[in-house]
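Sequential numbering from 1 along the given sequence is applied to the chain's residues. For the numbers below, each heavy atom of this structure counts, side chains included, while hydrogens, waters and symmetry mates do not.
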Amino acid sequence: ATHRPQDILTPMLSDSSQLKAICAVDAGRDLVLEGPPGTGKSQTITNLICHLLATGKTVLFVSEKMAALDVVRRRLEQVAEAAEHVRPDR
């Protein structure tokens with residue numbers, strides 16, 4: 001499937017490999033995201049969760065480490081807080 005830039009709903013900046021992962025999941029593929037610290041995993045996961053929820057899908061995010069869950073939760077809270085300030089119905 002081809003994705004137009006305006007169809008990818010990511011509140012945080014993404015590089016090409018992160019966008020590729022988002023497009024793969026959006027097309028219905030499952031994904032395991034692995035990598036060393038500082039490579040943008042939590043940013044990618046945050047964008048994935050936001051994109052999928054915005055397109056009406058459900059998400060299961062699991063991690064071996066509680067710290068990873070905390071980082072993604074904090075980022076999602078930041079996105080939600082920012083979205084409250086730009087909602088058109090306010």
Side-chain angles (χ1 to χ4, degrees):
T2 301
H3 291 81
R4 299 177 307 167
Q6 62 267 32
D7 295 333
I8 301 172
L9 308 169
T10 57
M12 306 183 82
L13 294 176
S14 300
D15 66 22
S16 62
S17 64
Q18 293 168 325
L19 290 172
K20 185 176 178 180
I22 292 166
C23 290
V25 172
D26 191 61
R29 295 181 54 199
D30 295 330
L31 179 71
V32 175
L33 195 58
E34 297 178 298
T39 56
K41 292 179 303 300
S42 63
Q43 183 172 324
T44 303
I45 293 164
T46 302
N47 276 332
L48 269 167
I49 292 171
C50 290
H51 173 79
L52 292 169
L53 293 178
T55 57
K57 296 184 175 103
T58 57
V59 180
L60 173 64
F61 167 48
V62 295
S63 174
E64 290 181 21
K65 298 184 179 185
M66 189 64 177
L69 297 172
D70 288 338
V71 169
V72 171
R73 180 186 49 79
R74 279 195 306 273
R75 288 182 182 219
L76 289 170
E77 287 171 349
Q78 291 169 348
V79 168
E81 184 177 315
E84 283 295 315
H85 296 290
V86 295
R87 286 180 45 191
D89 60 338
R90 290 193 129 199

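- In terms of modelled atom types and a separation under 3.5 Å, the side chain of Q18 and the main chain of Q43 share no donor-acceptor contact.
- Atom NZ of K20 is surrounded by 12 or fewer heavy atoms from other residues, nucleotides or ligands within 6.0 Å.
- Around the CD atom of E77, the shell of radius 6.0 Å holds more than 12 heavy atoms that belong to other residues, nucleotides or ligands.
- A pairwise comparison of heavy atoms in K41 and E34 identifies CD-C, 3.8 Å as the closest pair.
- Hydrophobic clustering, with ILVMFWY side chains joined whenever heavy atoms are under 4.5 angstrom apart, groups M66 together with F61.
- Counting non-hydrogen atoms of neighbouring residues, nucleotides and ligands closer than 6.0 angstrom, the CG atom of D15 exceeds 12 such neighbours.
- Note: the hydrophobic cluster containing L33 does not contain M12 (ILVMFWY, side chain heavy atoms under 4.5 Å, direct or indirect links).
- The side-chain heavy atoms of R73 and L69, taken from C-beta on, include no pair separated by under 4.5 Å.
- Atom OG of S14 is separated from atom CD1 of I8 by 8.5 Å, given to the nearest 0.5 angstrom.
- In terms of hydrophobic clustering, with Ile, Leu, Val, Met, Phe, Trp and Tyr side chains grouped at heavy-atom distances under 4.5 Å, V72 and V25 are assigned to a common cluster.
- Partner of C50 under the side chain to side chain contact (heavy atoms under 4.5 Å, CB included) criterion, chosen from L76, I22, L9: L76.
- The shortest side-chain heavy-atom distance between L31 and L48 falls under the 4.5 Å cut-off.
- The distance from the OG atom of S42 to the CG atom of D70 is 11.5 Å, given to the nearest 0.5 Å.
- When each of T46, T10, D26 is tested with H51 by the rule side chain to side chain donor-acceptor pair (under 3.5 Å), just one qualifies, namely D26.
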